[in-house]
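For reference, the structure is listed below as structure tokens.
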2 protein chains.
Amino acid sequence: MKLSTRGRYGLKAMYQLAIHYGEGPIPLKNIADAQNLSENYLEQLFSSLRKNGLLNSVRGAQGGYMLARSPRDITVGSILRTLEGNLAPADCVIDGEYDCENEENCVTKLVWMRIRDSIDEVVDSITLQDMLDEYEYMKRKNKI
Amino acid sequence: MKLSTRGRYGLKAMYQLAIHYGEGPIPLKNIADAQNLSENYLEQLFSSLRKNGLLNSVRGAQGGYMLARSPRDITVGSILRTLEGNLAPADCVIDGEYDCENEENCVTKLVWMRIRDSIDEVVDSITLQDMLDEYEYMKRKNKI
DNA sequence: TGAATGTTGACAAAAATAGTAGGGTATAAT
DNA sequence: ATTATACCCTACTATTTTTGTCAACATTCA
Ligand code: FES
Ligand code: FES
């Protein structure tokens with residue numbers, strides 16, 4: 001039940017881009033350096049995020065990546081699902097994915113559904129803007 | 001973010017034992033056959049569950065496994081954690097496990113914490129008895 | 001043009017998962 | 001006592017997933 005590095009690195013990187021939202025494209029190298037990650041690996045993650053419409057890219061010198069829309073309109077859920085796939089704890093509670101036999105009478109399926117729903121509710125309710133706000137709040141609290 | 005077969009098989013098997021709670025020891029073979037699982041593999045899971053105090057065992061002929069206490073007092077959470085380890089989505093939100101550097105200012109950690117808490121709340125609120133009750137409810141609903 | 005940057009696909013090491021295999025030990029029934 | 005049953009334990013292995021690396025290429029800016 002752990003997230004892989006894809007989800008963990010990816011969310012951090014998207015948060016970094018959120019910090020610089022509106023400043024034009026940020027080169028991958030900046031993000032990778034700031035977090036001490038492999039540029040090549042992060043590239044794969046960004047490729048997925050771009051194909052899913054969460055990032056825009058600008059090629060060439062002075063190019064880079066930027067959020068495709070406002071931090072307010074990008075949820076943690078959309079990021080994690082792009083990088084990790086569906087967040088359900090078992091395949092049979094993913095729509096159209098896989099059906100166990102005898103699932104009409106399966107009680108454990110009800111458990112998986114409840115876990116799935118509670119995760120979805122959390123990740124879909126948090127946006128990148130919420131994370132920015134929380135950082136401001138943390139900073140103020142720690143300073144005073 | 002998937003559960004492994006340990007958690008999935010294990011919960012189903014524990015549910016089977018719950019159905020037969022109070023009937024004395026049930027041989028592993030019965031459970032394995034009923035679910036078409038490898039007896040040897042299930043044995044490993046039961047070994048963990050027994051060491052964690054969730055199962056009792058009786059050796060020898062007519063022996064087998066049984067729940068260590070009432071289905072009402074065994075939560076899904078205790079079963080899944082025994083078999084899967086802590087259900088947190090990242091190591092840094094497990095007490096005493098691992099600390100990221102700079103975690104005082106880490107906003108993603110707040111996200112992991114909220115995911116962790118919501119999973120915990122679900123799995124710790126469901127007991128084996130709840131699962132038995134849900135099955136009765138399902139059966140009645142489907143019959144009528 | 002040349003340097004900076006994104007794009008793509010193939011490849012590979014390492015770790016985790018999902019079992020198998022087999023010998024040992026305790027107990028009940030006979 | 002003997003035997004069949006069934007738990008107990010450890011080691012091993014095949015497969016899959018994760019976590020990257022690498023190289024060649026395309027685009028843009030100065
Ligand atoms: S229906 Fe998939 S676990 Fe029961
Ligand atoms: S503190 Fe662990 S991810 Fe930030």
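All chains are named by letter (A, B, ...) in the order of the sequence lines, taking the proteins before the strands, and each is independently numbered beginning at 1.
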Checklist entry - Is any side-chain N or O of B:Thr5 closer than 4.0 Å to OP1 or OP2 of C:dA18? => result yes

Checklist outcome for this item: The nucleotide from D:dT21, D:dC9, C:dT20 with an atom nearest the side chain of B:Gln44 is C:dT20

Checklist entry - Would you say A:Arg116's side chain and A:Val93's backbone share a donor-acceptor pair under 3.5 angstrom? => result yes

Checklist entry - So what does A:Gly63 hit on the nucleic acid, given a heavy-atom distance under 4.0 Å: a base, only sugar-phosphate, or nothing? => result sugar-phosphate

Checklist entry - Does a nitrogen or oxygen in the side chain of A:Tyr9 sit under 4.0 Å from OP1 or OP2 of D:dT18? => result no

Next on the checklist: Just to be sure I understand the rule, does A:Leu45 reach a base, reach only the sugar-phosphate, or reach nothing, if contact means heavy atoms closer than 4.0 Å?
Outcome noted: nothing

Checklist entry - So does A:Asp124 pair up with A:Arg81, basic N to acidic O under 4.0 Å? => result yes

Checklist entry - Quick one: B:Asp33 CG to D:dA6 P, roughly how many Å, whole number? => result 11 Å

Checklist entry - Side chains of A:Gln62 and A:Pro25: closer than 4.5 Å at any heavy-atom pair? => result no

Item to check | Of the listed nucleotides D:dT21, C:dT20, C:dA18, the one nearest the side chain of B:Ser4 | outcome: C:dA18

Checklist entry - Is A:Lys109 salt-bridged to A:Asp99, going by a charged N under 4.0 Å from an acidic O? => result no

Checklist outcome for this item: Nearest heavy-atom contact between B:Ser70 and B:Tyr21 is N-OH, 3.4 Å

Checklist entry - Any idea which of D:dT5, C:dG22, D:dT19 is nearest the B:Ala61 side chain? => result D:dT5

Checklist entry - Toward the 5' end of DNA chain D, which comes first, B:Gln62 or B:Ser47, by nearest nucleotide? => result B:Gln62

Next on the checklist: Tell me whether the side-chain N/O atoms of A:Ser57 come closer than 4.0 Å to OP1 or OP2 in C:dT7.
Outcome noted: yes

Checklist entry - So, is B:Arg50 near the phosphate of D:dC8, with a side-chain N or O under 4.0 Å from OP1 or OP2? => result yes

Checklist entry - Would you say B:Tyr41 reaches D:dT13's phosphate, i.e. side-chain N/O to OP1/OP2 under 4.0 Å? => result no

Item to check | Nearest-nucleotide pick for A:Pro27, side chain only, options being C:dG6, D:dG20, C:dT7 | outcome: C:dG6

Checklist entry - Of all the choices, D:dC22, C:dG6, C:dT25, which nucleotide is nearest to the side chain of A:Arg59 once you look at every atom? => result C:dG6

Next on the checklist: Applying a 4.0 Å non-hydrogen cut-off, can you work out what B:Phe46 is touching in the nucleic acid: base, sugar-phosphate, or nothing?
Outcome noted: nothing

